[in-house]
Amino acid sequence: MKSLEELKKLREELQKEMLARNSKGKTKIVIGMGTCGIAAGAREVLQAVLQEIEKRKLDVVVSQTGCIGMCEKEPLLDVQLPGKDRITYGNVTKEDVQRIIVEHVINGNIVEDLVVARLEEGGE
Amino acid sequence: MEATIYRSHVLICTGTGCVSSGSGKIKERMVAELEERGLQKEVKIVDTGCHGFCEKGPIVIVYPEGVFYCQVDVEDVSEIVEEHLLKGRIVERLLYKEPLTEESIPSYNEIDFYKKQMRIALANCGRINPESIHEYIAVGGYEALGKALTEMTPEEVIEEVKKSGLRGRGGAGFPTGLKWELTRREKSDKKYLVCNADEGDPGAFMDRSLLEGDPHRIIEGMAIAAYAIGADEGYIYVRAEYPLAIHRLEVALEQAAELGLLGENILGSGFNFNLHIKKGAGAFVCGEETALMASIEGRRGMPRPKPPFPSVSGLWGKPTNINNVETFANVPYIINNGAEVYSAIGTEKSKGTKVFALTGKINNTGLVEVPMGITLREIIYDIGGGIRDGKELKAVQTGGPSGGCIPADLLDLPIDYESLTEVGAMMGSGGMVVMDESTCMVDVARFFLSFTQSESCGKCTPCREGTKRMLEILDRICAGEGREGDLELLEELGNHIKETSLCQLGGSAPNPVLSTLKYFRAEYEAHIKEKRCPANVCEGMKSAYVIDESVCIGCTACTRVCPVDAISGERKKPHYIDPDVCIACGACAAKCPVSAIAQG
Ligand SMILES: Cc1cc2nc3c(=O)[nH]c(=O)nc-3n(C[C@H](O)[C@H](O)[C@H](O)COP(=O)(O)O)c2cc1C
């Protein structure tokens, strides 16, 4: 490295790897991974999500949650953009993941036909 | 460079504390469990340095949730993987429980132990992998060095550090910016920079934790200091008993050199800086700066008179600036955030934060970093969780073996360099030992003095002979053979040693004795005049146990446990303890079903 500029550029690249440790103000994707979710294919959904994020170099935090009681709608996938409502999608398939990521996470448009619940920002 | 994104990071503490409680095995098992479930591409395992909460180790933190698992066993690993990493369910039973409320706290930042802390020096400890320069850079590392080298003159760096109010964290509290200026002013073809990582105070481990948990921060702080004073070569003097710290430093030095952050023409600025590690053999006196430099030069580690100060004549006679590890750890923060932000923290004369090693009869022990000016009460009750077993606080000993004891009624004292010295204690390197009612203050003073006495290098008479005589007097007081006039003699000796010793080893060694004499004189007098140790600690002075005849039911439980057959009496009749035979071990009182036995 020969200059402060180079150092700052390196930092920007490296920061992405540290994302999981700093989730404040970031878009969150939460996947239901209770026994019901896993049985319905949540693992495949999770892997598809991770692939999309990596492919598109997105600034997104992925976590998982247990059963929330809507087992017949599993796999469930929540998307929450910073400061926006938390949207729950149901019966999500691997194929739906790309649509959700492109339309909702990137362009900010909710994929209405897959929505099963909506939690207002601040409400939990 | 291709960045790999993991959805979850599992941070496993590999500080010395957690390693000795088994974190290595936990990591092995974690790797195996993740592979077994095909999670290795989604979950990243990160080795980190110390979180300061060693007592609760091994510590494992799972991100993005930031869940704090403590006292994790190898057997718990599969549950963490199965429940948390696979299914997203927190493993409740491994969470930290607040000692007072018994409440389980999932998140790192919500635990009382961390809530009141302010982490500047320790900011990255436990949060990044200390063996990865990339992680350090990702959190902004080496940008302060870049800023200093490209946007500031050496004089401006010194001015910024002076304005920040930073003072030496190695004990004496000398203003850091001023020290740099003194070394800068000297004209010389060669200057040196030294980092004091001898950390001789028993019980202190902040410097070790910093070197193990965030070695690049120390290197960065040193490089900035070297630029400011005009040195191109530096030494880190670290005790050989810190193998992990040395290893992490070696790795860090290599990585920094590889990226051009050490060596020639750093970041294209024309500034050169090379750093060496020097291992010390661990003598307490080698932490004293002139002894330390003698030791680096290969001579016997003994102090010499000052002046000349190191800034004038230090290593091999060249102008040398020496600072403590924690002092350097604060420097990148000051350069990045500016002097104003830093000096807004703390009291009028003591700025910023200080790391304390909190130990003793307290619920939460460990390393805590707090703003200057915080009260002892806040540290002991809010962060430390109060006194163990519901006992009463008696005193707090600060400043390491040559610090002083502060009595419980000064609990609301705001802590800074001046206030501690005023009450007869000191900041020192930041040791803090909490004592409860079962502690004998005479015994404590003797304990600390026996350490400094045996570490006295012997070069000057007051320290070598004086501490020995003081220790002899304390020994006899604790054995029940104290004499009239002993206390006055201790004070006279103590004050003389403080005034006439060559270095601050002797200059502070009498502190534990003098401060306990000041605040707990009655306890000394009880030992001498009544041949009684009020806390029942000193051997040979413990008072015998007595049975309350009106309560005793004659069950004979006590007779069966007494190791010296001091108890007699018929079944179903009150029993009796022969005070001349009783050794006050307390076994009978512990066995008595009706609490009829107590010390007389
Ligand atoms: C007996 C004795 C032991 C010392 N041990 C240490 C030590 O272990 N670490 C340290 O940083 N300073 C120690 N010091 C203080 C150093 O002499 C020196 O003041 C300090 O390293 C300066 O750095 P600072 O200005 O950053 O505090 C010791 C002093 C004495 C008299």
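By convention in this document, chain letters (A, B, ...) are assigned in the order of the sequence lines, proteins followed by strands, and residues within each chain are numbered from 1.
- Within the 4.5 angstrom heavy-atom criterion, only side-chain atoms of B/L11, from C-beta onward, approach chain A.
- Counting heavy-atom pairs under 4.5 Å between each of B/I61, B/I128, B/L86 and chain A puts B/L86 at the top.
- Counted by atom type alone, B/Q255 and B/Y136 present zero donor-acceptor pairs between their side chains at under 3.5 Å.
- Both the backbone and the side chain of B/E143 come within less than 4.5 Å of a heavy atom of chain A.
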Test log, rule salt bridge (Lys or Arg N to Asp or Glu O under 4.0 Å), inputs A/E52 and A/K55: CA-CA 5 Å; A/E52 286 294 324; A/K55 197 164 84 196; 3.4 Å; yes

Audit row: B/F68, B/Y114, ring pair (Phe, Tyr, Trp, His ring centres under 6.0 Å) steps and yes/no: CA-CA 11 Å; B/F68 185 91; B/Y114 291 110; 5.8 Å; yes

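- Between chain B and the options A/I38, A/V61, A/L46, the largest number of non-hydrogen pairs under 4.5 Å is found for A/L46.
- Ranked by heavy-atom pairs shorter than 4.5 Å toward chain B, the options A/K8, A/Q15, A/M18, A/R21 are led by A/R21.
- Proximity to chain A (any heavy atom under 4.5 Å) is shown, for B/E135, by both the backbone and the side chain.
- Under a 3.5 Å cut-off, the side chain of B/E160 and the backbone N or O of B/A339 do form a donor-acceptor pair.
- Looking at B/L149, there are no atoms closer than 4.5 Å to chain A (heavy atoms on both sides), in backbone or side chain.
- By the 4.0 Å N-to-carboxylate-O rule, B/R7 lies close enough to B/E42 to be salt-bridged with it.
- Residues A/E17 and B/H134 have side chains that never bring a donor and an acceptor to within less than 3.5 angstrom of each other.
- Ranking B/G141, B/G140, B/G38, B/G66 against chain A, the residue ahead of the rest is B/G140, based on heavy-atom pairs under 4.5 Å.
- Taking the side chain as every heavy atom from C-beta outward, A/V115 and A/Y89 approach each other to under 4.5 Å.
- Note on B/G146, B/G268, B/P64: by heavy-atom pairs under 4.5 Å with chain A, the leading option is B/P64.
- Counting only heavy atoms from C-beta outward, the side chains of B/E151 and B/E156 never approach each other to under 4.5 Å.
- Looking at B/V139, both its backbone and its side chain come within 4.5 Å of chain A, counting heavy atoms on both sides.
- Among A/R43, A/E6, A/K26, the residue with the largest count of heavy-atom pairs under 4.5 Å with chain B is A/R43.
- For a residue to count as touching a neighbouring chain, one of its non-hydrogen atoms must lie under 4.5 Å from one of that chain's; by this rule A/I31 does not touch chain B.
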